[in-house]
Student: 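Dropping a structure here in structure tokens format, bear with me for questions.
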Amino acid sequence: MSAPRFRFAPSPTGIFHIGGARTALMNWALAKRLGGTFVLRIEDTDEARNRPEWTEGIIDSLAWIGISRDDPTFEGPYFQSAYADQHVAAAQRLFDAGHAYYCDLTPDEIQQRAAAEGTQGYGGWSRDRGLGPGPGRVLRFRVAAGTTVVHDAVRGEVTFDNAVIEDFVLLRGNGSPMFLLANVVDDLTMGITHVIRAEEHLPNTPKQQMIWEALGHTVPQWAHVPVLVNEQRKKISKRRDKVALESFRAEGYIAEAMVNYLMTLGWSPRGGEEIVAWQVVEDEFRLEDVNLSPAFFDLKKLAAFNAEYLRRMTPEQFAEAAEPWLAQWRAAHPGAVWDQQRFLAMVPVIQPRVSTLAEAPGVVDFLFLPHPQFDEASLAKALATDEAAGIVADSIAAFTTCDWTCDAINAAFAEVAERHGLKLGKAQAPVRVAVSGRTVGPPLFESLEALGRDETLRRLRALPEGVRVP
RNA sequence: GGCCCGUUCGUCUAGAGGCCUAGGACACCACCCUCUCAAGGUGGCGGCACGGGUUCGAAUCCCGUACGGGCUGCCA
């Protein structure tokens, strides 16, 4: 048995869809495990031909989720137009063998006839007229009587009554091949053995199967996986929903989390653990195990996956992964003074507090800004209290002399709190706001240690007159 | 309208006739931990769409109903 070949044929629209990413991943997992090939074929449209960057975008997105063109399993990209001659040649063979016939009825005429007969669609009126090719004449496939059974790896046998499948068009009036034909011819000339795609294509499958068989080939293994839906339970669409893989990437979702989450939609790894390495997916993914019903793409769960992946990183990995977003932050805050060592020291406390990399700068931004950005509510809540001034004054005194380590700062401040008869949690608020501008944030003493004694004292002293409410 | 597909907690899933008093994850709630916020820990809430069969026994098999979705071009 020769090695299986999986084709992935996204329609180029300028964005690469999360749904497309999921089917690509399924194809990829199987191609890898079975020692097969992942064949990328770009559908041929005028727009796509004029915009090579769309194709590059698809390749780039695939690479991000681990489907790299540099991997020997990857083949392509191919473009449909590369086989244009064969599309027409195949149509000719179909005609010669009697599997197709010409029809000169225009869409309008077909509609009129259907209306007159009280039916819908094309009624096969030209079937036995023996027409030859000619301008304006379309070539239609002669659908045989009986039934067509599609053997689907996900859904089992699906039976279609051929009587409800009209004689569909293979070649347009201008002689150009229809997508359906082109698709099948491409698949068989490229030796495709597995067609894994979204369920929406299931109704077209019997037509494609008929062409495969009429051309004398055995059909590939079909597999129609359920679509991804939005909260309204409608198929996600780029008009209504956020579906671009790239937008998730730009928001700081990491590829491993995205890949892992996407694969849990309609399928789950054995063993009950759903956060798994790609290798597990590669080892365990089976089409027979894919669910039959549509899955809702849940942003919250994706975020949870992403947060988990972020927490599992080493501080070094996290810092490296976050760098693009840090750079972005620096560019947006020219007045800030970046200190990489200071950032690195804070990474362990940032990690459990973010669910995307894009949130990382916001957790510790006050450490690099020349002045904290005070938020009004925090000021009122923590600094406009009776004890606040005293605590700040005592803190200045304590911090001037204590050792400058997290533990020492903690101990020194504990004494201040006790002197004021307050719990640590309550007492730290004014200091936190004085230093960071907010009532919530990373652990105070770690932050102060990272900030340094001088800057900490400066901010505390600056408070009475230096406070600026935005 | 026709054809096709689907239906387990709010969401994603485990479940292939007795292991199911239906398990896990996300979300939500409570408590614990705690220098705020997180993270972590413990617990809670919550589901087999409905009706008939088949069977000693059904979330699992069959039929029907309801609801949801997809497809129905000389688009790709």
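Just so we're on the same page: letters track the sequence lines, and every chain starts at 1. The basis for the numbers below is simple: all heavy atoms, side chains too, and nothing from hydrogens, waters or symmetry mates.
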Student: Between C67(B) and U55(B), how many Å separate the two C1' atoms, rounded to a whole number?
Tutor: 29 Å
Student: Any donor-acceptor pair under 3.5 Å joining the side chain of Arg353(A) to the base of C37(B)?
Tutor: yes
Student: Using the P atom in both, what is the distance from C62(B) to G18(B), to the nearest Å?
Tutor: 16 Å
Student: Considering residues at least two apart in sequence or located in another chain, which fulfil the side chain to side chain contact (heavy atoms under 4.5 Å, CB included) criterion with Glu251(A)?
Tutor: Lys242(A), Tyr253(A)
Student: Would you check, one step at a time, whether the test side chain to side chain donor-acceptor pair (under 3.5 Å) holds for His194(A) with Asn27(A)?
Tutor: CA-CA 9 Å; His194(A) 290 71; Asn27(A) 276 290; over 6 Å; no
Student: Glu359(A) CD to A38(B) C1': how many Å, rounded?
Tutor: 11 Å
Student: Please state whether the rings of Phe343(A) and Phe368(A) are parallel, tilted or perpendicular, taking 30° and 60° as the class boundaries.
Tutor: tilted
Student: Can you list every salt bridge (charged side-chain N to carboxylate O under 4.0 Å, His left out) pair that touches residues 253-268 of chain A, not counting sequence neighbours?
Tutor: none
Student: What integer number of Å spans the P atoms of A30(B) and C63(B)?
Tutor: 47 Å
Student: Using the P atom in both, what is the distance from G10(B) to G47(B), to the nearest Å?
Tutor: 7 Å
Student: Please walk me through it: do Arg459(A) and Glu455(A) pass salt bridge (Lys or Arg N to Asp or Glu O under 4.0 Å)?
Tutor: CA-CA 6 Å; Arg459(A) 290 189 183 191; Glu455(A) 179 62 11; 2.7 Å; yes
Student: Closer than 4.0 Å, any side-chain N/O of Thr439(A) to the OP1 or OP2 of U36(B)?
Tutor: no
Student: Nearest to the side chain of Val440(A), heavy atoms from C-beta on, is which of C3(B), C37(B), C35(B)?
Tutor: C37(B)
Student: Please tell me which of the listed nucleotides, A14(B), C37(B), G70(B), lies nearest to the side chain of Asn291(A)?
Tutor: A14(B)
Student: Choosing from U7(B), C35(B), C5(B), which nucleotide comes nearest the side chain of Leu444(A)?
Tutor: C35(B)
Student: Please report the distance, rounded to the nearest Å, between CZ in Arg140(A) and P in G73(B).
Tutor: 10 Å
Student: Looking only at atom P, what distance separates C45(B) and U7(B), rounded to whole Å?
Tutor: 28 Å
Student: If you only use heavy atoms from C-beta on, which nucleotide in C74(B), G2(B), C35(B) is closest to the side chain of Pro443(A)?
Tutor: C35(B)
Student: Output all residues satisfying side chain to side chain donor-acceptor pair (under 3.5 Å) with Glu231(A), sequence neighbours left out; order by chain, then residue number.
Tutor: none
Student: State which residues pass ring pair (Phe, Tyr, Trp, His ring centres under 6.0 Å) with Phe366(A); sequence neighbours excluded, sorted by chain then number.
Tutor: none
Student: Touch check for Leu105(A), heavy atoms < 4.0 angstrom, all strands: base, sugar-phosphate only, or nothing?
Tutor: base
Student: Give the nucleotide from the list A39(B), G70(B), U7(B) with an atom nearest to the side chain of Pro352(A).
Tutor: A39(B)
Student: Looking only at the side chain of Pro107(A) (C-beta and beyond, no hydrogens), which of the listed nucleotides A25(B), C74(B), G69(B) gets closest?
Tutor: C74(B)
Student: Paired with U21(B): which nucleotide, if any, by Watson-Crick or G-U wobble criteria at under 3.5 Å for both distances?
Tutor: none
Student: Report yes if a donor N or O on one partner sits less than 3.5 Å from an acceptor N or O on the other, where the partners are the side chain of Glu446(A) and the base of C35(B); otherwise report no.
Tutor: yes
Student: Distance check needed: U36(B) C1' versus Phe366(A) CZ, whole Å only.
Tutor: 11 Å
Student: Heavy-atom contacts under 4.0 Å between residues 300-311 of chain A and RNA chain B, which residues?
Tutor: Lys300(A), Lys301(A), Ala304(A), Arg311(A)
Student: So does Arg197(A) get a side-chain nitrogen or oxygen closer than 4.0 Å to the phosphate oxygens (OP1/OP2) of G70(B)?
Tutor: no
Student: Find the distance Trp267(A):CH2 to U11(B):P and express it as a whole number of Å.
Tutor: 22 Å
Student: What's the closest nucleotide to the Glu274(A) side chain, out of U13(B), A25(B), U36(B)?
Tutor: A25(B)
Student: According to salt bridge (charged side-chain N to carboxylate O under 4.0 Å, His left out), does anything in residues 422-437 of chain A pair up with another residue at least two apart or in another chain? List the pairs.
Tutor: none
Student: The criterion is ring pair (Phe, Tyr, Trp, His ring centres under 6.0 Å); which residues satisfy it with Trp54(A), sequence neighbours excluded?
Tutor: none
Student: Does a side-chain heavy-atom distance below 4.5 Å link Tyr83(A) with Met190(A)?
Tutor: yes
Student: Can you tell which of U7(B), G70(B), C4(B) lies closest to the side chain of Glu200(A)?
Tutor: G70(B)
Student: For residues 298-318 of chain A, pull every pair meeting salt bridge (charged side-chain N to carboxylate O under 4.0 Å, His left out), keeping only residues two or more places apart or in separate chains.
Tutor: Glu274(A)-Lys301(A), Glu308(A)-Arg311(A), Glu308(A)-Arg312(A)
Student: What contact category does Arg233(A) fall into here, base, sugar-phosphate, or nothing, at under 4.0 angstrom with non-hydrogen atoms?
Tutor: sugar-phosphate
Student: What distance, rounded to whole Å, do you find between the two P atoms, one in C28(B) and one in U11(B)?
Tutor: 16 Å
Student: Which nucleotide in the list C4(B), U11(B), G1(B) gets nearest to the side chain of Gln120(A)?
Tutor: G1(B)
Student: Mind running a 4.0 Å heavy-atom check of residues 277-285 of chain A against RNA chain B and sending the residues that fall below it, in number order?
Tutor: none
Student: Calculate the interatomic distance between Gln351(A) atom CD and A39(B) atom C1'; express it in whole Å.
Tutor: 11 Å
Student: Hey, would you say the Tyr261(A) and Phe297(A) ring centroids sit under 6.0 Å apart?
Tutor: yes
Student: Which nucleotide, C3(B), G6(B), G69(B), lies nearest any side-chain atom of Phe160(A)?
Tutor: C3(B)
Student: Could you check which residues of residues 403-425 of chain A get a heavy atom under 4.0 Å from RNA chain B? Sort them by number, please.
Tutor: Leu424(A), Gly425(A)
Student: Take atom CD of Glu166(A) and atom P of G1(B), then tell me their distance rounded to the nearest Å.
Tutor: 19 Å
Student: Does a distance-only test, which skips hydrogens and angles, find a donor-acceptor pair under 3.5 Å between the side chain of Glu199(A) and the base of G70(B)?
Tutor: no
Student: Taking only residues two or more places apart in sequence or in another chain, which ones pass side chain to side chain contact (heavy atoms under 4.5 Å, CB included) with Glu53(A)?
Tutor: Arg51(A)
Student: CZ of Phe297(A) versus P of C26(B): gap in Å, rounded?
Tutor: 17 Å
Student: Taking the C1' atom in each of G6(B) and U65(B), what is the distance between them to the nearest angstrom?
Tutor: 15 Å
Student: Less than 4.5 Å apart, any side-chain heavy atom of Asp167(A) and any of Tyr101(A)?
Tutor: yes
Student: Could you tell me how far apart Asp298(A) (CG) and A27(B) (C1') are, to the nearest whole angstrom?
Tutor: 7 Å
Student: Got a sec, which residues hit ring pair (Phe, Tyr, Trp, His ring centres under 6.0 Å) with Tyr78(A), two or more places apart in sequence or on another chain?
Tutor: none
Student: Expressed in whole Å, how much space separates the P atoms belonging to A39(B) and C31(B)?
Tutor: 16 Å
Student: With a 4.0 Å cut-off on heavy atoms, is Arg438(A) in touch with a base, just the backbone sugar-phosphate, or nothing at all?
Tutor: nothing
